[in-house]
Protein chains: 2
Amino acid sequence: MPISIAIVEDDADIAEGIADIISEVSDFKLICCCRNVRTALSEIPAAAPDVIIMDINLPDGSGIYATAKLKQLLPHTEVMIFTVYENTEDIFQALEAGASGYLLKRSSSAKIISSIRNLMKGEVPMTAEIARKVIQSFKKQQPAAQRGAASDKLTPREVDILQMLAKGYPTKEIASRRSISVDTVNTHLKSIYDKLRVHSRTEAVLKFLENN
Amino acid sequence: MPISIAIVEDDADIAEGIADIISEVSDFKLICCCRNVRTALSEIPAAAPDVIIMDINLPDGSGIYATAKLKQLLPHTEVMIFTVYENTEDIFQALEAGASGYLLKRSSSAKIISSIRNLMKGEVPMTAEIARKVIQSFKKQQPAAQRGAASDKLTPREVDILQMLAKGYPTKEIASRRSISVDTVNTHLKSIYDKLRVHSRTEAVLKFLENN
DNA sequence: CACGACATCACCAATTATGGTGATGATTTT
DNA sequence: AAAATCATCACCATAATTGGTGATGTCGTG
């Protein structure tokens with residue numbers, strides 16, 4: 001009895017890459033390949049795979065939402081989140097939604113194969129980095145209510161720098177205008193990205209503009 | 001009679017760099033060094049230098065504005081704009097404001113020295129790149145009224161990509177969502193930056209959000 | 001048909017941005 | 001006094017962005 005697998009991934013290249021990997025393993029069988037949340041919710045329940053490999057950023061919604069919905073219908077199906085970033089918030093949301101594993105897209109094919117096997121054995125596949133983040137987070141004893149909320153508070157300096165980001169200034173300009181080193185600006189940027197849970201200048205600016 | 005020079009530049013390192021270069025030329029004399037528009041407008045008229053080396057991005061305003069103001073008071077003083085970008089719009093505005101030269105910050109010290117000398121001889125120091133842009137612009141017979149205006153029209157594809165930029169998607173994501181190569185996205189980005197007259201993703205998004 | 005506009009892709013160089021780690025001093029809080 | 005927070009700086013590696021050039025095929029229009 002082979003392990004049946006479904007893929008939810010909008011990037012054709014990545015989906016194909018996984019499909020190739022799966023096709024080379026004799027007891028793996030790819031039975032469904034969806035490009036968005038809508039198709040996933042309509043096709044996967046009927047397919048009832050053993051494992052779903054789920055992207056988070058889909059064109060029409062979040063893979064986390066899709067995970068929650070699918071787990072209601074298929075409680076025995078294991079969902080492995082497959083994403084590019086190690087966003088702590090995403091990890092928790094995905095785990096809460098019922099995902100059993102969390103893998104980075106840059107993982108090797110061997111890692112992907114072993115993760116699927118581990119999943120079926122009841123283990124939780126996770127990169128060392130993600131495991132560390134999860135442990136760190138539990139150490140901090142963060143109440144669940146605080147996690148997804150309005151995000152951590154920025155310090156005055158961080159707000160100052162974020163405002164300059166929102167004027168389009170590059171890092172050098174910011175350093176110059178505040179007479180601090182580029183390294184310091186970068187340190188602040190890292191804190192800002194962390195607190196806003198984003199991964200780029202543009203995302204930070206957008207989040208800032210949203211919340212005025 | 002040495003050539004007296006004033007510097008308006010907020011970046012301490014760059015200002016020092018120019019100061020060093022000037023100090024090594026026997027008939028150059030640095031008589032004033034300002035960090036912002038306010039100081040420049042209050043100190044330079046009294047100093048009445050032969051040449052002003054003017055940055056565009058100052059903490060409290062534009063060097064182009066400062067140029068216009070100073071040229072009213074000191075019509076015989078030559079202003080050389082000193083900036084990092086070869087923004088065509090800036091070039092014209094600066095020339096309209098009365099600047100006589102335009103140099104990139106990455107110019108060599110020899111280039112800077114010869115530019116100052118040329119300025120005093122009535123020539124217009126300009127990098128080949130900038131000269132080319134100016135000539136191109138005149139070739140296009142762009143009426144002055146059109147230049148600073150709403151910017152060139154974006155193609156449908158460019159608008160599409162700009163909208164994704166404004167959602168914070170990185171280049172890879174955009175390529176993936178439209179099933180085109182990252183190179184193509186970059187080509188579109190270059191066109192968008194050109195047409196919007198900006199130099200970064202964040203600036204493009206801001207300009208887009210401004211004009212809805 | 002020739003021409004221009006558009007979308008696509010490729011290759012390349014240089015600069016910037018992202019992310020991690022660690023460290024210091026000042027200030028505030030406990 | 002000890003702990004926590006903040007702002008600062010440094011060094012590093014990798015990834016992403018920026019900017020330039022050139023090339024191809026398609027499409028519509030004159």
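Letters go in sequence order (proteins before strands), and every chain restarts at 1. All values below were derived from every heavy atom in this structure, side-chain atoms included, with hydrogens, water molecules and symmetry-related copies excluded.
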Whole Å only: how far is the [atom1] atom of [X] from the [atom2] atom of [N]?
X	N	atom1	atom2	value
A:Ile192	D:dA7	CD1	P	10 Å
A:Ile161	D:dC6	CD1	P	14 Å
B:Ile174	C:dT8	CD1	P	12 Å
B:Asn186	D:dT21	CG	C1'	14 Å
A:His199	D:dT14	NE2	C1'	16 Å
B:Arg157	C:dT8	CZ	P	4 Å
A:Glu158	D:dT8	CD	P	10 Å
B:Asp183	C:dC9	CG	P	9 Å

Determine whether the side chains of [X] and [Y] contain a donor N or O and an acceptor N or O closer than 3.5 Å.
X	Y	answer
B:Ser191	B:Asp194	no
A:Arg201	A:Thr171	yes
A:Thr184	A:Ser181	yes

Which is true for [X] with a 4.0 Å heavy-atom rule: it touches a base, it touches only sugar-phosphate, or it touches nothing?
X	result
A:Ser200	sugar-phosphate
B:Thr171	sugar-phosphate
B:Thr184	base

Distance check: side-chain N/O of [X] vs OP1/OP2 of [N], anything under 4.0 Å?
X	N	answer
A:His188	D:dA7	no
B:Tyr193	D:dT18	yes
B:Arg201	D:dT17	yes
A:Lys190	C:dG20	no

Worksheet item: So does B:Arg177 pair up with B:Glu173, basic N to acidic O under 4.0 Å?
Response: yes
Fill in: Side-chain ion pair, A:Arg35 and A:Glu9, N-O less than 4.0 Å
no
Item to complete: On DNA chain C, check which nucleotide each of B:Ser181 and A:Pro170 is closest to and give me the residue with the more 5' one.
Response: B:Ser181
Worksheet entry | Given D:dG19, C:dA10, C:dT16, the nucleotide with the shortest approach to the side chain of A:Lys172 | C:dT16
Worksheet item: Among the nucleotides C:dG19, D:dA16, C:dC9, which one has an atom lying closest to any side-chain atom of B:Ile180?
Response: C:dC9
